[in-house]
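Read the structure below first, then the notes.
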Amino acid sequence: MKIYNTMSGKKEDFIPVAPGAVGMYACGITVYDHCHIGHARSAIIFDVMRGYLRYKGFEVKYIRNFTDIDDKIINRARQEGISWNEVAKKYTDEYYNVMDTLGVGRADVEPKATEHIKEIIDIVQGLIDKGYAYEMQGDVYFEVGKFSDYGKLSNRDPEDMMAGARVDIDERKKNPMDFALWKSSKEGEPSWDSPWGPGRPGWHIECSAMSLKHLGESFDIHGGGADLIFPHHENEIAQSEAYTGKPFAKYWVHNGFITVDKEKMSKSLGNFFTIQDILAKFDAEVIRFFLLSTHYRSPIEFSDEQLKEAELSIDRYYTTAVRIRDFLTRDHSRDRTCAEESVLEDMVGKFLDRFKAAMDDDFNTALAIGHIFELIRIVNKYIDGGPSGKKSVGLIKSSYDLLRESGNLLNIFWRTPEQWYNILKDIRNIGFSEEYIVAKIEERRKSREAKDWAASDSIRKELEEKGIILEDKKDGTSWKVKI
RNA sequence: GGCGGCGUACCCAAGUGGCUAAGGGGGAGGUCUGCAAAACCUUUAUGCAGCGGUUCAAAUCCGCUCGCCGCCUCCA
């Protein structure tokens with residue numbers, strides 16, 4: 001399989017450091033505020049990558065960290081009048097809450113910066129000992145000029161950056177590009193004892209410490225949002241490789257941004273949508289589908305219209321799921337073949353290879369989803385052809401299994417159609433209970449039997465006005481929510 | 001200023017050298033239906049921002065131009 005590597009700027013064949021095993025580290029969040037949809041994108045795509053690698057037979061160890069000590073957390077604690085660790089806990093809990101709802105699995109290890117202070121101090125001391133870092137009045141800085149490969153990930157020349165550095169010049173630094181490994185703490189700030197006095201870790205060092213501890217000196221995949229390429233990941237590389245003398249991560253994987261009116265969604269622009277806000281209007285599965293229907297490296301424009309399209313696509317799947325179920329519960333005592341049989345047979349034979357080829361090509365979930373809908377169309381066409389008998393049942397069952405298997409890999413299509421329609425009914429605040437709808441369907445059935453079309457149509461109209469659509473089929477009438 | 005990305009139909013979105021440019025939504029027409037809905041069929045890009053070039057062959061590679069965006073400061 002191929003994975004795009006930010007380091008080389010190309011898709012590369014994926015060859016893990018140790019055959020058959022994959023070590024993977026994704027930068028998580030700083031727990032100081034609500035999660036927005038951009039955090040969801042990152043979490044979902046790395047979760048899908050982990051799952052797919054496992055499906056391919058790799059033994060995956062996946063680490064995703066929490067930054068639970070940081071200036072932003074300290075500031076937030078002041079604002080809210082609670083302690084910094086209460087802030088961290090509050091937003092960590094919230095993170096789990098929304099990610100669980102979105103169907104994002106837990107990583108194998110979810111380390112926190114504050115649980116790795118000892119490891120961090122060891123690395124900082126090691127970097128000082130090796131001459132890559134220096135201490136100034138309780139702060140320790142990494143000396144960028146000492147690491148000749150600095151800039152190799154983000155493709156920058158340190159000379160150019162110095163010229164345009166907009167960073168506040170800290171006189172204590174030897175060079176404006178130098179970054180903090182350890183920060184001395186002021187009175188009343190959280191701190192840990194260290195050889196340089198009380199302080200706390202700098203932002204980048206925790207990831208070096210935690211990946212080293214849980215994955216070793218060299219591992220396979222390191223990822224995060226594209227905004228982490230510089231300086232965060234660049235600095236991680238510098239620290240880690242200077243410290244161990246070994247290559248750090250082999251493949252650097254970065255997801256693209258979510259945009260609003262073409263601009264990056266961000267806190268400073270105030271154009272962000274929290275996951276909780278979106279979940280009030282759309283189901284978790286819709287959000288997942290929306291995020292996976294574009295390749296992970298491309299920007300995605302966020303809007304209600306886009307989410308509605310995703311909702312419609314998922315509804316198409318569940319509509320087909322109902323048709324499949326209806327088909328399988330029909331009488332199949334007579335064998336009847338139809339013209340579309342060979343087309344479906346062909347598709348069933350090829351589907352999984354196509355799906356895997358898409359995912360093998362740098363996790364092309366958008367293409368993979370395209371294949372799913374192609375299968376859906378062919379299945380519908382086949383059912384329209386009116387086949388029956390053992391062979392047709394086998395073909396439809398195989399098709400359904402393929403839809404489930406591919407859906408599982410993306411963690412979509414996991415509900416029953418009834419769950420899906422009820423979720424839609426609730427999320428849109430349609431006032432009718434399911435019992436009421438069923439009673440109305442029965443009432444309408446009697447009208448239709450008596451060929452009282454006026455009465456029958458008025459019932460259908462009443463429900464439709466509230467967003468409930470009735471579908472008449474051979475073996476009865478079913479309801480669904482109008483999208 | 002340095003570095004990078006993007007521009008594919010009415011909308012979203014795959015495709016990065018060679019079959020008729022996936023898939024979804026929308027529009028138009030049709031089949032089915034008591035009427036609908038759903039499903040299916042036909043149709044909707046001789047063309048992939050524009051202009052040159054390389055090649056037997058380019059949306060796909062190269063150059064230039066235009067437009068949009070990102071990183072260089074915390075950021076998924």
Side-chain angles (χ1 to χ4, degrees), chain A residues 6 9 11 26-30 32-33 35-46 70-72 151 154-157 159-161 163-168 177 203 223-232 234 254-259 262-269 272 289-290 293-295 297-301 303 305-306 308-316 319-320 322-323 340 354 358 361 364-385 448 451-454 456-457 460-461 464 469-473 477-480 482-483:
Chain A
T6 306
K11 280 184 202 169
C27 287
I29 57 161
T30 301
Y32 78 105
D33 204 350
C35 291
H36 66 239
I37 180 92
H39 297 110
R41 184 179 199 187
S42 193
I44 287 171
I45 191 64
F46 287 104
D70 169 271
D71 290 351
K72 292 193 291 292
S154 54
N155 193 22
R156 280 155 220 257
D157 182 345
E159 300 290 327
D160 294 340
M161 282 188 284
R166 284 188 276 151
V167 199
D168 289 339
M177 294 304 299
W203 174 35
D227 43 8
L228 297 180
I229 295 170
F230 189 90
H232 186 236
E234 196 70 70
H254 294 98
N255 63 273
F257 301 125
I258 293 180
T259 58
K262 300 255 179 177
E263 281 186 313
K264 180 189 172 186
M265 185 183 287
S266 73
K267 290 272 166 70
S268 46
L269 285 168
F272 62 92
F289 188 94
F290 162 68
S293 60
T294 297
H295 185 86
R297 281 189 283 117
S298 304
I300 304 186
E301 173 73 10
S303 69
E305 286 65 37
Q306 300 270 54
K308 276 179 196 152
E309 277 210 15
E311 195 172 55
L312 205 53
S313 293
I314 293 171
D315 197 66
R316 180 163 161 78
T319 301
T320 302
V322 170
R323 299 188 88 219
E340 286 76 17
R354 286 195 189 179
D361 185 11
N364 194 338
T365 55
L367 181 58
I369 286 172
H371 293 325
I372 289 176
F373 281 94
E374 212 173 337
L375 175 59
I376 284 176
R377 193 186 70 241
I378 291 172
V379 165
N380 277 319
K381 190 172 175 175
Y382 178 70
I383 291 175
D384 278 358
R448 293 184 74 217
K451 296 210 189 309
D452 183 351
W453 307 127
S456 149
D457 288 351
R460 189 168 62 196
K461 198 167 173 228
E464 189 176 352
I469 303 271
L470 297 186
E471 293 187 3
D472 296 327
K473 306 180 207 173
T477 298
S478 61
W479 66 273
K480 62 187 285 184
K482 187 179 181 179
I483 300 271

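The sequence lines fix the lettering, A, B, ..., with proteins before strands; numbering per chain opens at 1.
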> How does protein reach along nucleotides 24-32 of chain B, written 5' to 3' as B (base within reach of a heavy atom under 4.0 Å), S (only sugar-phosphate), or - (no contact)?
Replying inline: BS-------
> In dot-bracket notation, what is the pairing pattern of RNA chain B, taking Watson-Crick (N1-N3 plus N6-O4 or O6-N4) and G-U wobble (N1-O2 and O6-N3) contacts under 3.5 Å, with [ ] crossing and | for other strands?
Replying inline: ((((((((.[[[..)..(....]]]((((((.......))))))....[[[[[..)....]]]]])))))))....
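Here, G70(B) and A28(B) have their P atoms 37 Å apart, quoted to the whole Å. Between the C1' atoms of U60(B) and G1(B), the separation comes to 32 Å (whole Å). To the nearest whole angstrom, the two C1' atoms, one in A14(B) and one in A9(B), are 14 Å apart. Using C1' as the reference atom, C62(B) and C74(B) are 39 Å apart when rounded to the nearest Å. Going from the C1' atom of C48(B) to that of G34(B) covers 47 Å, rounded to whole Å. U54(B) and G63(B) have their P atoms separated by 15 Å, with the value rounded to a whole Å. When the P atom is compared between G7(B) and A36(B), the two are found 42 Å apart, to the nearest whole Å. Separating the C1' atom of A45(B) from that of G30(B) is a span of 23 Å, rounded to the nearest Å.
Following rounding to the nearest Å, F289(A) (CZ) and C12(B) (C1') show an atom-to-atom distance of 11 Å. K461(A) has its NZ atom 15 Å from the P atom of A37(B), to the nearest Å. If you measure from atom CG of L269(A) to atom C1' of C74(B), you get 13 Å, rounded to the nearest angstrom. Rounded to whole angstrom, the span from the CD atom of E301(A) across to the P atom of G7(B) amounts to 15 Å. Distance K72(A) NZ to C74(B) P: 8 Å, rounded to the nearest Å. If you take NZ of K473(A) and P of C40(B), they are 14 Å apart, rounded to a whole angstrom. Taking atom CZ of residue R156(A) and atom P of nucleotide C72(B), one finds them 7 Å apart after rounding to whole Å. The nearest whole Å value for the distance from the OH atom in Y382(A) to the C1' atom in C41(B) is 19 Å.
In this structure, K262(A) NZ and E301(A) CD are separated by 7.0 Å, a value rounded to the nearest 0.5 Å. If you take CD1 on I258(A) and NE2 on H36(A), they are separated by 7.0 Å, rounding to the nearest 0.5 Å. Once rounded to the nearest 0.5 Å, the distance linking CG of D227(A) with NE2 of H232(A) reads 11.0 Å. Rounding to the nearest 0.5 angstrom, the gap separating the OG atom in S303(A) from the CZ atom in F290(A) is 6.5 Å. Between atom CG of residue L375(A) and atom OG1 of residue T320(A) there is a gap of 9.5 Å, rounded to the nearest 0.5 Å.
For K11(A) and D361(A), the salt-bridge test passes: some basic side-chain N is under 4.0 Å from an acidic carboxylate O. Salt-bridge formation is detected for the pair R460(A)/D457(A): a Lys NZ or Arg NE/NH1/NH2 atom is positioned less than 4.0 Å from an Asp or Glu carboxylate oxygen. A salt bridge does not link R156(A) with E234(A): every distance from a Lys NZ or Arg NE/NH1/NH2 to an Asp or Glu carboxylate oxygen is 4.0 Å or more.
At a threshold of 4.0 angstrom between heavy atoms, the contacts of K264(A) include nucleobase atoms, whether or not backbone atoms are also involved. Within 4.0 Å of I383(A), counting heavy atoms only, lies no atom of the nucleic acid at all. Across all strands shown, G385(A) has no heavy atoms under 4.0 Å from either base or sugar-phosphate atoms. Among the protein residues, L470(A) comes within range of the nucleic acid bases, having at least one heavy atom under 4.0 Å from a base atom. At the heavy-atom level, S154(A) lies under 4.0 Å from the strands shown only through sugar-phosphate atoms. Nucleic acid contact class of I469(A) (heavy atoms, under 4.0 Å, all strands): sugar-phosphate only. Backbone-only engagement by G225(A) is indicated by non-hydrogen atom pairs under 4.0 Å involving sugar-phosphate atoms exclusively.
Closest approach to the R323(A) side chain among A36(B), G70(B), A39(B) is made by A39(B) (side chain taken as heavy atoms from C-beta onward). Of the candidates C74(B), A13(B), G34(B), C74(B) carries the atom nearest the P231(A) side chain, counting heavy atoms from C-beta on.
Nucleotides of RNA chain B nearest to N380(A) and N155(A) differ in position, and the one nearer the 5' end is that of N155(A). For the pair R448(A) and I300(A), both in contact range of RNA chain B, the more 5′-proximal nearest nucleotide belongs to I300(A).
The backbone N or O of G38(A) lies less than 3.5 Å from no partner atom in the side chain of S42(A), so there is not a single donor-acceptor pair. No side-chain donor-acceptor contact under 3.5 Å links D315(A) to the backbone of E311(A).
With sequence neighbours left out, the side chain to side chain contact (heavy atoms under 4.5 Å, CB included) criterion links N155(A) to no other residue. Annotation: ring-ring contact (aromatic ring centres under 6.0 Å, His included) contacts of H295(A) (sequence neighbours excluded): none. In terms of the side chain to side chain contact (heavy atoms under 4.5 Å, CB included) criterion, residue partners of T294(A) (sequence neighbours excluded) are, by chain and number, R41(A), S298(A), I300(A).
Remark: the R41(A) side chain and the A76(B) base include no donor-acceptor N/O pair separated by less than 3.5 Å. Residue-to-nucleotide contacts include a donor-acceptor pair under 3.5 Å from the side chain of D472(A) to the base of C35(B).
Ring-plane geometry between F373(A) and F289(A) is classed as perpendicular, the angle between the planes exceeding 60 degrees on a 0 to 90 degree scale with a lower cut at 30.
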Output one line per pair: protein atom, nucleotide atom from nucleotides 15-20 of chain B, and distance, for all N/O pairs under 3.5 Å.
unit_1 : atom_1 : unit_2  : atom_2 : d
G15(B) : OP1    : N364(A) : ND2    : 2.7

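A close approach under 4.0 Å does not occur between any side-chain nitrogen or oxygen of K262(A) and OP1 or OP2 of G70(B). Phosphate proximity of C41(B) to K381(A): present, with a side-chain N or O under 4.0 Å from OP1 or OP2.
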